[in-house]
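Here the structure is laid out as structure tokens; the discussion comes afterwards.
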Amino acid sequence: MLSVPYEPLYAYLLLPPLVIMNAWALALIAVPRKLQLNYVLFRGVFGIVCSVGFMIVTQKFAYSGLHLTTPWYAVGSFAAYGFALYQYVRSHIRKLETPRMQSQDRSGMSMMTLTILTGLGYLLANLSLMFVSEKTVTIVLMCVYAMLAFVMFHFILELHRYYWLKRAGKAST
């Protein structure tokens, strides 16, 4: 958000929530026992701030780096983001409502194979960036930040967990 080209709009949008989140995190570090339930809420809010922040950074890349002039990219990307979040939450709630199967098939790649492939993919991606233009790098970064925005959906679901823990706490008192 503060990188070149610096656009004050993005800094004004993202700095206040990030400062608040850091102050909140310091409070959680100072008194962790008293704020255990608050930590679950923090993770949910952290997910929202990071996820929306990543989407805002992709907007910065699109409009400052690629020099887009139409608002349709912002409208389309946030519409896709909202739709994906809705589907993710819906899938999570549906999964909670269905009983779990006792046996889980653990077939797949070993952790060592996955680690090696991840490292090789990272190395190849960095080497390939030497041969592409600045606009291609901007597009790749936009894709990475959009992917990270979707990864943060996992943290946003902590709001659902907080709701149920808070509700269970009221029921037991």
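Since we're looking at a predicted model, the values are computed, not measured. Here, residue 1 is the first one in the sequence, and each next residue gets the next number.
In the hydrophobic cluster analysis, where Ile, Leu, Val, Met, Phe, Trp and Tyr join through side-chain heavy atoms closer than 4.5 angstrom, F153 is grouped together with M147. Under the 4.5 Å side-chain heavy-atom criterion for ILVMFWY residues, a single connected hydrophobic cluster contains both V45 and V31. In this structure, L68 is a member of the same hydrophobic cluster as V137, with clusters built from ILVMFWY side-chain heavy atoms closer than 4.5 Å. Side-chain heavy atoms closer than 4.5 Å link hydrophobic residues (I, L, V, M, F, W, Y) into clusters, and following such links, possibly through other members, connects M112 to L120. Both L159 and I93 are part of a single hydrophobic cluster, where members link through side-chain heavy atoms under 4.5 Å apart.
Distance alone, capped at 3.5 Å, is enough to place a donor-acceptor pair between the T98 side chain and the K95 backbone. A distance-only check finds a donor-acceptor pair linking the side chain of T138 to the backbone of E134 [under 3.5 Å]. In this structure a side-chain-to-backbone donor-acceptor pair under 3.5 Å is present from Y63 to T70. No side-chain donor-acceptor contact under 3.5 Å links S51 to the backbone of I48.
For the pair I156/Y88, no side-chain contact is recorded, criterion being any heavy-atom separation below 4.5 Å from C-beta on. The side-chain heavy atoms of F54 and V144, taken from C-beta on, include no pair separated by under 4.5 Å. Under the 4.5 Å side-chain criterion, counting only non-hydrogen atoms from C-beta, E158 is not in contact with Y162. Between I56 and Y10 the shortest side-chain heavy-atom distance falls below 4.5 Å. In this structure, F78 and Q59 have side chains that are in contact, with non-hydrogen atoms separated by less than 4.5 Å. In this structure, L14 and V57 have side chains that are in contact, with non-hydrogen atoms separated by less than 4.5 Å. A 4.5 Å side-chain heavy-atom check between H160 and V89 finds every atom pair outside the cut-off. Within the 4.5 Å cutoff, the side chain of L26 has no heavy atoms near those of the N22 side chain.
Put simply, CG on L148 and OH on Y145 are 7.5 Å apart, with the number rounded to the nearest 0.5 Å. To the nearest 0.5 Å, atoms CG (L13) and CG (L18) are separated by 11.0 Å. Put simply, NE2 on H92 and CD on E97 are 10.0 Å apart, with the number rounded to the nearest 0.5 Å. Taken from CG in L96 to OG in S91, the straight-line distance is 9.5 Å, to the nearest 0.5 Å. Taking CG of L127 as the start and CG of L123 as the end, the distance is 4.5 Å to the nearest 0.5 Å.
Residues S128 and V132 come closest through the heavy atom pair O-CG1, 3.7 Å. In terms of heavy-atom proximity, P17 sits nearest to V49 at CB-CG1, 4.1 Å. Between M142 and T58, the closest heavy-atom pair is O-CG2, 3.4 Å. When all heavy atoms of A84 and F150 are compared, the pair lying nearest together is CB-CE2, 3.8 Å. Nearest heavy-atom pair across G47 and M152 is O-CB, 3.8 Å. A pairwise comparison of heavy atoms in A11 and P16 identifies O-CD, 4.0 Å as the closest pair.
Counting heavy atoms of neighbouring residues, nucleotides and ligands inside a 6.0 Å radius, atom OH of Y73 exceeds 12 of them.
Under the 6.0 Å cut-off for aromatic ring centres, Y39 and F46 do not qualify, their centroids lying 6.0 Å or more apart.
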**Message:** Applying ring-ring contact (aromatic ring centres under 6.0 Å, His included) to Y86 and F83, what does each step give before you reach the verdict?
**Reply:** CA-CA 5 Å; Y86 170 76; F83 179 74; 7.1 Å; no

**Message:** Working note: L41 + W24, criterion side-chain contact (heavy atoms from CB on, under 4.5 Å); need CA distance, chi angles, decisive distance, verdict.
**Reply:** CA-CA 11 Å; L41 178 63; W24 191 0; 3.9 Å; yes

**Message:** Using the rule given for side-chain contact (heavy atoms from CB on, under 4.5 Å), can you reason through V75 versus W72, listing the C-alpha separation, both sets of side-chain angles and the distance that settles it, and then say yes or no?
**Reply:** CA-CA 5 Å; V75 170; W72 288 111; 4.2 Å; yes

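Remark: the T136 side chain and the S133 side chain contain an N/O donor-acceptor pair separated by less than 3.5 Å.
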